[in-house]
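Quick note: numbers below take in every heavy atom, side chains included, and nothing from hydrogens, waters or symmetry partners. Note that the numbering runs from 1 along the sequence shown for the chain.
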Amino acid sequence: MAPDPVAAETPVQGPTPRYFTWDEVAQRSGCEERWLVIDRKVYDVSEFTRRHPGGSRVISHYAGQDATDPFVAFHSNKGLVKKYMNSLLIGELSPEQPSFEPTKNKELTDEFRELRATVERMGLMKANHVFFLLYLLHILLLDGAAWLTLWIFGTSFLPFLLCAVLLTAAQIQAGWLQHDLGHLSVFSTSKWNHLVHHFVIGHLKGVPASWWNHLHFQHHAKPNCFGKDPDINMHPFFFALGKILSVELGKQKKKYMPYNHQHKYFFLIGPPALVPFFFQWYVFYFVIQRKKWVDLAWMITFYIRLLLTYVPLLGLKAFLGLFFIVRFLESNWFVWVTQMNHIPMHIDHDRNMDWVSTQLQATCNVHKSAFNDWFSGHLNFQIEHHLFPMMPRHNYHKVAPLVQSLCAKHGIEYQSKPLLSAFADIIHSLKESGQLWLDAYLHQ
């Protein structure tokens, strides 16, 4: 039989790509199937979630959604990561489908992506290594000064108290530095960020890096989204948070605590208790239960160092007293700083909004000053940090005017306030949400 001349002239076609609609993607957001979209490409991450280096939960929080902007925000070597993603690629959005869901602001998203490109061209994603070296040295100086205070001046009340204050400052500042390293914002390679991160959080603080990563990346992916941000897990068992969730809780007639008094008992179970009565013990459960033996080894070096340096000077009882005081002071410092940017802001279920709207409605800033920058580890620039989580902190003030302009153009409120006002707003918001819960509880 003679060959068909038309068939002979037809070029060989590759496999036809599979096309999907947003409705089809949105349906794959449960436990059985998880799809997400990056740059219009559709990926099936159902099996990959367990192997995801950033943790299974953070990637699952974007199941059924466009994840382009968080993907860019959280990955330093995007080209390398995309090579590994090829095996997960199952298709792409149909040509008639928009690049992201209708719940997201297209103009705002496009302009933010232009802003990010500008930021990268300006070199604002590159770290000043001298800044971070000096920062580490100042932590070591505080740590050393705490011990020297007891060694030189003795163990009477005043030297003991000064030692506790210096050691608390060292612990808090090490916490801010490990935060930089955990976000891969100090070194140009992930390897060095991870290595030094283990040293700072493990040896200088006695905390596992894996635990911090597990919680903190989720917080950044979906800040103030109930069920996805672990930082608001105290709702509803301890506090009623946010206007929407508080009213919802009242209508459901749920009462785990007297929420109308939560602005009072916050001072008892909030800042004083989080670190010494929860974090201090839970981190050991975490590493043992998940078999994070490298983290445990780093943590042990922290406790060996403290025992060898302080017990000879103080004895075991006084050392344990010092350790508890430091954790108590650290807890107060940590909670007030980390909650001032989020608790007073919008708290809700995940509404699948665009990256900028998601971050701006959940964050606010505290005015820049030398003290505020040091006291908060530059987390007073919470808006810029959430929009660009891998940006080195010393560049936040440089990008802030550009972010303010973007917000002004799109009618988005850019909140910045004095430090003490930010602290007060935590209490005001708890009082307001507690009253909203009570009204809904009594009258619905």
Side-chain angles (χ1 to χ4, degrees), residues 73-74 76 115-116 119-120 122-142 168-188 193 196-197 200-201 204-205 207 212-213 215-217 219-220 223 231 330 332-345 359-360 362-404 406-407 414-423 425-426:
F74 295 139
S76 54
L115 172 60
R116 182 177 180 90
V119 163
E120 291 177 349
M122 293 171 65
L124 298 183
M125 301 302 292
K126 295 180 180 178
N128 181 338
H129 292 149
V130 174
F131 171 88
F132 286 109
L133 176 61
L134 293 176
Y135 201 87
L136 174 60
L137 291 176
H138 118 278
I139 293 168
L140 298 177
L141 181 63
L142 287 169
T168 299
Q171 285 294 290
I172 278 290
Q173 295 301 324
W176 303 150
L177 180 58
Q178 71 79 23
H179 176 263
D180 299 314
L181 292 157
H183 276 293
L184 311 180
S185 64
V186 178
F187 298 99
S188 58
N193 279 298
V196 183
H197 188 214
V200 174
I201 195 172
L204 295 185
K205 285 194 61 62
V207 177
W212 183 88
N213 292 337
L215 294 177
H216 198 65
F217 292 154
H219 162 69
H220 271 271
D231 283 11
E330 178 189 2
N332 281 274
W333 191 336
F334 172 80
V335 172
W336 284 105
V337 168
T338 57
Q339 299 310 305
M340 67 183 182
N341 305 109
H342 296 297
I343 291 298
M345 303 303 291
Q359 305 303 328
L360 262 294
T363 56
C364 65
N365 281 4
V366 168
H367 295 340
K368 175 179 173 54
S369 72
F371 176 78
N372 288 352
D373 293 351
W374 177 84
F375 185 76
S376 69
H378 288 87
L379 292 181
N380 50 325
F381 286 95
Q382 194 73 203
I383 293 172
E384 289 71 24
H385 172 55
H386 267 255
L387 290 176
F388 307 98
M390 290 195 300
M391 177 179 287
R393 62 157 104 168
H394 51 74
N395 288 332
Y396 291 158
H397 73 281
K398 297 177 182 177
V399 75
L402 302 178
V403 174
Q404 291 173 28
L406 180 68
C407 291
Y414 180 102
Q415 288 193 40
S416 185
K417 59 188 76 169
L419 180 65
L420 295 181
S421 296
F423 290 163
D425 283 348
I426 298 175

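- Listed for the N365 side chain is no donor-acceptor partner under 3.5 Å among the backbone atoms of Q415.
- The OH atom of Y414 sits 11.0 Å away from the CG atom of L406 when rounded to the nearest 0.5 Å.
- Here the closest non-hydrogen pair linking G182 and F217 is O-CZ, 3.5 Å.
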Would N128 and N395 count as a side chain to side chain contact (heavy atoms under 4.5 Å, CB included) if you check the C-alpha gap in whole Å, the side-chain angles of each, and the deciding distance to 0.1 Å?
-> CA-CA 9 Å; N128 181 338; N395 288 332; over 6 Å; no

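- Ring planes of W374 and H138: perpendicular class, angle over 60° (limits at 30 and 60°).
- The distance from atom CZ of R393 to atom CG of N380, rounded to the nearest 0.5 Å, is 10.0 Å.
- Taking the centre of each ring, H183 and W212 come in below the 6.0 Å mark.
- Sparse packing is recorded around NZ of K126, with 12 or fewer heavy atoms of other residues, nucleotides or ligands lying under 6.0 Å away.
- Between L379 atom CG and D373 atom CG the span is 10.5 Å, to the nearest 0.5 Å.
- For H385 and H378, the ring centers are positioned 6.0 Å apart or more.
- Counting only distance, with no hydrogens or angles, the side chain of H367 and the backbone of L419 share no donor-acceptor pair below 3.5 Å.
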Decide side chain to side chain contact (heavy atoms under 4.5 Å, CB included) for K398 and E384; before the verdict, give the C-alpha distance in whole Å, the side-chain angles of both, and the deciding distance to 0.1 Å.
-> CA-CA 10 Å; K398 297 177 182 177; E384 289 71 24; over 6 Å; no

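- Residues Y396 and L124 fail the side-chain proximity criterion, which asks for heavy atoms closer than 4.5 Å.
- Residues L115 and F388 are in side-chain contact: their nearest non-hydrogen atoms beyond the backbone lie under 4.5 Å apart.
- Side chain of W336 to main chain of A422: no donor-acceptor pair is present (N/O by atom type, distance under 3.5 Å, no hydrogens or angles).
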Please assess S76 against M390 for the test side chain to side chain contact (heavy atoms under 4.5 Å, CB included), listing each intermediate value before the final yes or no.
-> CA-CA 8 Å; S76 54; M390 290 195 300; 4.1 Å; yes

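- Between L402 and M122 the shortest side-chain heavy-atom distance falls below 4.5 Å.
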V196 and D180: CA distance, side-chain angles, deciding distance, side chain to side chain contact (heavy atoms under 4.5 Å, CB included) verdict | CA-CA 10 Å; V196 183; D180 299 314; over 6 Å; no

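- Atoms CG and CG, from D425 and L420 in turn, are 11.0 Å apart once rounded to the nearest 0.5 Å.
- Annotation: side chain of F381 is not in contact with side chain of M391 (no heavy-atom distance under 4.5 Å).
- Inter-residue side-chain proximity for Q171 and W333 is flagged as unmet; no heavy-atom pair is nearer than 4.5 Å.
- The two residues P389 and A73 come nearest to each other via the heavy atoms CG-O, 3.6 Å.
- Shown here for S376 and M340, the closest heavy-atom pair between the two residues is CB-CE, 4.3 Å.
- Contact annotation: the side chain of T363 approaches that of H342 to within less than 4.5 Å [non-hydrogen atoms, C-beta and beyond].
- Residues that satisfy the side-chain hydrogen bond (donor to acceptor under 3.5 Å, both in side chains) test with Q178, not counting sequence neighbours, are H197.
- Using cut-offs of 30° and 60° on the angle between ring planes, the pair H386 and H220 is parallel.
- Note that the CG atom of N341 and the NZ atom of K417 stand 8.5 Å from one another [nearest 0.5 Å].
- The heavy-atom pair separating V399 from V119 by the smallest distance is CG2-CG2, 3.5 Å.
- Side-chain contact check for K205 versus E330: some heavy-atom pair is nearer than 4.5 Å.
- Atom CZ of F423 sits about 11.5 Å away from atom CD of Q339, to the nearest 0.5 Å.
- In terms of heavy atoms, S185 sits closest to P392 at O-CG, 3.5 Å.
- Side-chain contact check for L360 versus C407: some heavy-atom pair is nearer than 4.5 Å.
- Using the six-membered ring where Trp is involved, H216 and H179 have ring planes that are perpendicular, over 60° apart on the 30 and 60° scheme.
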